[in-house]
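Structure first, commentary second.
For the numbers below, each heavy atom of this structure counts, side chains included, while hydrogens, waters and symmetry mates do not. For the single chain, residues carry numbers from 1 onward in sequence order.
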Amino acid sequence: MVARTVGEQKPRMLVIGLDAADRELIERWCDEGLLPNLSRMRENGTWGTLHTTADTVHVSAWPGIFTGTTPDKHGLYHAYVMRPGEQAPVRPRPEECPVPFLWQLLDEQGIRSIVMDAFLTCPLRGFGGIQIVDWGSWTWFSGQEIQPESIRQAIRRKFGTYPAENHSKVGMTPPSDPLGFRRRLLQGVEKKAEVAQWLMESQDWEFFLLVFGECHAAGHYFWHYMDPDYVSYPGQAEVELRTALRDVYVALDAAVGRLLAGCDGRTTVYVVSGDGMGPNYSGSHILNGLLERMKLANVRGAGSDAVPAKARKGLSSTLRAMVPKQFRAMVSKYVLPRSVNERLSMHWKTADISWADTRAFVIENANEGYVRVNLKGREPEGIVGSEAEYDAICDALVDVASRMTNPANGRRAAAHVHRSSDLYTGPCTRTFPDIIIGWDPEAKVTRELATPEYGVVASGQPGYAVAPYYSGNHRGNAFVVAQGPTVPEGTVLEGGSILDLAPTILAHFGVAAPEHMDGQVLASLK
């Protein structure tokens, strides 16, 4: 328990997360005078670019911020993860994270916290503060839950439901109503700010964390409207769509200003993003074709007569193939409960793979390329039995992927290719892909990859035209801007990492960082 003298005023910290808000866009629109509140924070406080684990595995950013650890320690690196003993990917379970979230550590010290829409987390049992989980998150991993019950009822009575749809209702088909989606995202920013302001004013708190997910959604689906160099830039579009992404950032800036106005002189404020957003030039949707060309995978179930019956395309896959994809997506989007939708989605992602003659397979990802070896003893239907064969497959994949090019311009397609075991050694690595491919956006891959050995491998559609239909996609570009009674004014933070935020927040409250944390205290921010 943190000791305080009688009458001592408790320090406060407000952390505002802007999910996938891009540092370059923030800087541009600050310079253009469109983000006055963030501009003032930069002038009156400290601004800095942060190194981020999202450069390699993009979904790991927020869990890294919340735990101060690398992805191999917290295990929350992607929307679909593998588990030894299971053949298909599954949704990650934040409640199984082996390291604690920082507000759990604060709570153990008697520091009262309010946590709202923290991405890829879960309700904590026995928590002494307020938790709002997946109320207005872009992607749900735990499902909506608000604790305590009195707060849930008050939010429902005063504010109703969050107005914008989450990823499960958008990513299965292209947004059919982009103007309406823009409007609902703007309404979402305003309503979330209203709820947060009410909580700040009506509840006792020392640490308040909230995450706005609206710029994440807007970055994925509005990028092409504003980028004339992007391949799907429409020749004609409504003015509101041309500025839709910028409009969301402007609304978020106004929300930041509104929350800053509710802070007193003892409150330190961080605004932070763990990664950014740029044009979508991922080639991950082409990798199944490449693995087939390399004779590593049979993705279509078209194996030889020697393939056992149990490994051939099953009845569910056959029936699925008879139902038009667009109809399946509409049923999932509008009819099925979320839990059922998720189970079907996980099954369908690998339903067409003939495991008996597949030695490596793709873990679906709209950003990085993830390939996992079908390893005997790890995967229930694994066929790669020896360490030598495993190493040979991994070496071949790294070699081929490192030399892939976009045949349209001759540029190397990948900025980096790694065996995950060369990067990570922590306790969660058995859930990881074996090969991680980071695409180079300058290569502008859309539908083709070329290799000297296997020729040109093509997808029928460019990446933005296949589910989840992103025209914008993740890139590093993480940042923090901070102001407060002890934060230096008008300074630039250099060399910081997203992993430094958790130990720095703990230090602000006089709590020592546990040994498992990988970050360091940023003395200028605490």
Side-chain angles (χ1 to χ4, degrees), residues 17-21 54 57-63 76-81 89-94 116-122 132-145 161-178 180-189 192 211-224 244-245 248 273-277 280 282 284-285 328-346 348-349 363-368 463-474:
L18 304 182
D19 187 9
V57 283
H58 76 275
V59 176
S60 70
W62 285 115
L76 303 173
Y77 68 90
H78 185 39
Y80 314 116
V81 301
V90 297
R91 293 285 275 181
R93 298 171 186 159
M116 182 175 183
D117 283 341
F119 182 85
L120 195 42
T121 62
C122 59
I132 301 172
V133 179
D134 287 341
W135 182 74
S137 302
W138 166 235
T139 303
W140 293 7
F141 289 94
S142 295
Q144 288 187 335
E145 187 167 341
T161 58
Y162 179 78
E165 52 268 61
N166 65 72
H167 192 246
S168 69
K169 301 299 183 184
V170 178
M172 308 203 60
T173 57
S176 58
D177 177 23
F181 190 43
R182 169 190 173 275
R183 182 183 67 255
R184 292 187 292 276
L185 289 176
L186 295 176
Q187 291 170 344
V189 172
K192 183 172 288 188
V211 178
F212 288 93
E214 292 80 8
C215 45
H216 189 157
H220 277 318
Y221 290 109
F222 295 146
W223 185 273
H224 61 299
L245 181 56
V248 171
S273 175
D275 68 338
M277 194 75 71
N280 179 19
S282 168
S284 296
H285 61 295
R328 294 199 310 267
M330 294 297 288
V331 170
S332 296
K333 184 172 182 177
Y334 296 112
V335 178
L336 296 178
R338 172 177 165 268
S339 59
V340 175
N341 188 16
E342 277 192 2
R343 288 197 298 271
L344 286 174
S345 175
M346 294 299 102
W348 287 345
K349 287 181 188 305
I363 302 173
E364 184 175 307
N365 189 345
N367 204 68
E368 297 91 30
Y464 63 82
V466 299
Y469 306 99
Y470 296 159
S471 64
N473 222 333
H474 294 270

| said: Measuring from atom CD1 of Ile132 to atom CD of Glu145, what distance do you get when rounded to the nearest 0.5 angstrom? | reply: 11.5 Å
| note | Heavy-atom nearest pair, Leu120 first then Pro92, reads CD1-CG, 4.1 Å
| message | On a heavy-atom basis, which atom in Glu368 and which in Ser284 lie closest, and how many Å separate them? | response | O-OG, 2.7 Å
| task | Taking Arg91 for its side chain and Trp140 for its backbone only, find out whether a donor-acceptor pair lies under 3.5 Å. | result | yes
| Which atom pair, heavy atoms only, marks the closest approach of Val248 to Leu185? | CG2-CB, 4.4 Å
| query | His220 vs His216 aromatic rings, parallel, tilted or perpendicular, using cut-offs 30° and 60°? | reply | tilted
| note | Across all chains, not counting sequence neighbours, the side-chain contact (heavy atoms from CB on, under 4.5 Å) partners of Ala21 are Leu18, Cys215, Tyr249, Ser273, Phe479
| request: Indicate, with yes or no, if the rings of Tyr464 and Tyr470 have centres closer together than 6.0 Å. | output: no
| field | Plane angle bin for His58 and His78 - parallel if under 30°, tilted between 30 and 60°, otherwise perpendicular | value | perpendicular
| query | At their closest point, which heavy atom of Asp134 faces which heavy atom of Thr139, and how far apart are they? | reply | OD1-O, 3.9 Å
| query | Can you name the residues that form a ring-ring contact (aromatic ring centres under 6.0 Å, His included) with His285, not counting sequence neighbours? | reply | none
| Is there a side-chain contact between Asp117 and Val133, using heavy atoms and a 4.5 Å cut-off? | no
| query | Minimum heavy-atom separation for Gly274 to Ala61, with atom names? | reply | O-CB, 3.6 Å
| request: Kindly write out the residues that satisfy side chain to side chain donor-acceptor pair (under 3.5 Å) with Ser60, not counting sequence neighbours, or none if the list is empty. | output: Thr53
| query | Do any N or O atoms from the side chain of Lys192 and from the backbone of Val211 form a donor-acceptor pair under 3.5 angstrom? | reply | yes
| query | Taking it one step at a time, do Asp177 and Arg184 satisfy side-chain contact (heavy atoms from CB on, under 4.5 Å)? | reply | CA-CA 10 Å; Asp177 177 23; Arg184 292 187 292 276; 3.5 Å; yes
| Any side-chain heavy-atom pair of Phe119 and Leu76 under 4.5 Å | no
| request: Give the minimum heavy-atom separation between Trp135 and Tyr162, together with the two atoms involved. | output: O-CB, 3.4 Å
| query | Any side-chain donor paired with an acceptor under 3.5 Å for Trp223 and Asn280? | reply | no
| message | Can you see whether Asp275 engages His474 through a side-chain donor-acceptor pair at a distance of less than 3.5 angstrom? | response | yes
| query | Counting N and O atoms only, with roles assigned by atom type, does the side chain of Ser137 sit under 3.5 Å from a partner on the main chain of Asn166, one being a donor and the other an acceptor? | reply | no
